[in-house]
Student: 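Below is the structure I would like to discuss, written out as structure tokens.
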Amino acid sequence: MKWFSKNKKGNQIPSPDDMTPLQAVTHLCACIQLSDGDANFEEKKAWLNGVSNLFPSFSEERANKFLNEAHLYINNSNHEDLIAHTEMVLERIKKVLNTDQISGLEPILKDLVEADGIVMTSEIEIVDLVEKYLSINLNINKNL
């Protein structure tokens, strides 16, 4: 697996075990965004709204850096690597977020999945992992 792929600036992408809470949530959101092969404006906006609610004092510049590194890593991964990365990020989230923050992910991730008005099978696969690992229910409208 490509755990330490380099981005354009030569910086290494950290292992999920070393991710900050904002970084882990951003990587999870990127996994959802790119599970169907494309991240659009609505999905980026949903991510930004979500992280600003979950982490009120976050740095947008830093968050965008994390999103870009996540997109770079995921775009260079195959489906199997995407699923493995998602699972490791979810394990990290369980360690670094408290119960209230994990519950707060429910509406954020729901909005992200439904942001473009189409719910793809690949997104549902990630949603199923989220619900399993974090013991939350996103109540995704699968008929979109």
Side-chain angles (χ1 to χ4, degrees), residues 1-7 9 11-116 118-142 144:
M1 284 187 201
K2 303 173 230 166
W3 294 120
F4 300 101
S5 298
K6 293 191 178 232
N7 67 17
K9 295 182 182 176
N11 298 328
Q12 292 191 348
I13 295 171
S15 162
D17 287 338
D18 298 326
M19 289 181 178
T20 66
L22 174 61
Q23 203 167 19
V25 169
T26 296
H27 271 254
L28 175 59
C29 291
C31 289
I32 292 170
Q33 290 173 337
L34 295 173
S35 65
D36 63 0
D38 184 40
N40 61 36
F41 175 77
E42 290 84 8
E43 290 171 330
K44 185 173 180 185
K45 185 176 174 184
W47 160 77
L48 188 57
N49 289 338
V51 295
S52 65
N53 288 332
L54 194 60
F55 306 106
S57 61
F58 84 110
S59 159
E60 189 171 340
E61 181 180 334
R62 188 169 172 240
N64 277 315
K65 176 186 170 261
F66 293 154
L67 186 65
N68 289 334
E69 79 181 15
H71 279 206
L72 180 65
Y73 176 80
I74 294 163
N75 280 327
N76 289 313
S77 300
N78 61 33
H79 181 73
E80 183 178 293
D81 290 342
L82 169 69
I83 298 302
H85 184 68
T86 303
E87 291 174 332
M88 287 188 283
V89 167
L90 287 166
E91 285 294 337
R92 181 64 177 168
I93 287 170
K94 284 173 35 178
K95 291 177 185 171
V96 297
L97 297 185
N98 63 40
T99 305
D100 290 340
Q101 289 172 312
I102 290 173
S103 294
L105 281 174
E106 290 179 23
I108 293 167
L109 298 177
K110 177 181 173 52
D111 288 347
L112 179 62
V113 171
E114 296 177 348
D116 61 1
I118 302 169
V119 177
M120 304 294 287
T121 304
S122 55
E123 292 171 318
I124 295 300
E125 184 177 11
I126 303 291
V127 166
D128 289 344
L129 288 175
V130 168
E131 291 178 340
K132 174 185 167 189
Y133 276 79
L134 301 181
S135 300
I136 59 177
N137 188 350
L138 302 183
N139 296 311
I140 301 298
N141 181 354
K142 296 176 183 176
L144 286 179

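Sequential numbering from 1 along the given sequence is applied to the chain's residues.
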Student: About how many Å separate OG1 of T121 and CD1 of I124, when rounded to the nearest 0.5 Å?
Tutor: 7.5 Å
Student: Check whether any side-chain N or O of T86 sits under 3.5 Å from a backbone N or O of C31 as a donor-acceptor pair, and report yes or no.
Tutor: no
Student: Before giving the answer on salt bridge (charged side-chain N to carboxylate O under 4.0 Å, His left out), spell out for E91 and K94 the whole-Å C-alpha distance, their side-chain angles and the decisive distance to 0.1 Å.
Tutor: CA-CA 5 Å; E91 285 294 337; K94 284 173 35 178; 3.7 Å; yes
Student: Under 3.5 Å, is there a donor-acceptor pair between the side chain of E106 and the main chain of I136?
Tutor: no
Student: Determine whether the aromatic ring centres of Y73 and H85 lie less than 6.0 Å apart.
Tutor: yes
Student: Taking E114 first and then K110, would you say they form a salt bridge - that is, a charged N and a carboxylate O separated by under 4.0 Å?
Tutor: yes
Student: Decide yes or no for V127 and L109: does some side-chain heavy atom of the first lie under 4.5 Å from some side-chain heavy atom of the second?
Tutor: no
Student: When you measure from the side chain of Q101 to the backbone N and O of N98, does any donor-acceptor pair fall under 3.5 Å?
Tutor: yes
Student: Could you tell me the separation between the CG atom of L22 and the CZ atom of R62, rounded to the nearest 0.5 Å?
Tutor: 6.0 Å
Student: Which heavy atom of S35 sits nearest a heavy atom of I126, and at what distance?
Tutor: CB-CG1, 3.9 Å
Student: Is there a side-chain contact between E125 and H79 in this structure, where contact means two heavy atoms from C-beta onward sitting under 4.5 Å apart?
Tutor: yes
Student: Donor-acceptor pair, distance only, cut-off 3.5 Å: does the side chain of E123 make one with the backbone of M120?
Tutor: yes
Student: For the atom pair CG (L112) and CH2 (W47), what is the distance rounded to the nearest 0.5 Å?
Tutor: 10.5 Å
Student: Side chains of V25 and L54, heavy atoms from C-beta outward: is any pair under 4.5 Å?
Tutor: yes
Student: Verify side-chain contact (heavy atoms from CB on, under 4.5 Å) between H27 and L67, making sure each step is shown before the conclusion.
Tutor: CA-CA 7 Å; H27 271 254; L67 186 65; over 6 Å; no
Student: So do V96 and R92 actually touch side chain to side chain, heavy atoms under 4.5 Å?
Tutor: yes
Student: What is the minimum heavy-atom distance between E131 and L138, and which atoms define it?
Tutor: OE2-N, 2.9 Å
Student: Hey, what do you get for SG (C29) to CG (D111), rounding to the nearest 0.5 Å?
Tutor: 10.5 Å
Student: For E43 and N40, indicate whether the former's side chain and the latter's backbone hold a donor-acceptor pair under 3.5 Å.
Tutor: yes
Student: Just so I know, are the side chains of I74 and L82 near enough to count as touching, which here means a heavy-atom distance under 4.5 Å?
Tutor: yes
Student: Do the non-hydrogen side-chain atoms of D38 and D116 ever get within less than 4.5 Å of each other?
Tutor: no
Student: About how many Å separate CZ of F58 and CZ of F66, when rounded to the nearest 0.5 Å?
Tutor: 11.5 Å
Student: Please identify which of these residues, V89, L28, I93, meets the side-chain contact (heavy atoms from CB on, under 4.5 Å) condition with P16.
Tutor: V89
Student: Taking the side chain as C-beta and beyond, is there a heavy-atom pair between L48 and E60 under 4.5 Å?
Tutor: yes
Student: Are the side chains of L134 and L97 in touch, meaning some heavy atoms are under 4.5 Å apart?
Tutor: no
Student: Is it true that a side-chain atom of T26 and a backbone atom of Q23 form a donor plus acceptor pair closer than 3.5 Å?
Tutor: no
Student: For the backbone of A39 and the side chain of K44, can you confirm whether one donor and one acceptor N or O come within less than 3.5 Å of each other?
Tutor: no
Student: Could you pull out the closest heavy-atom pair between A30 and A70, with the gap in Å?
Tutor: CB-CB, 3.5 Å
Student: How far apart are the closest heavy atoms of S77 and D81, and which atoms are they?
Tutor: CB-CB, 3.7 Å
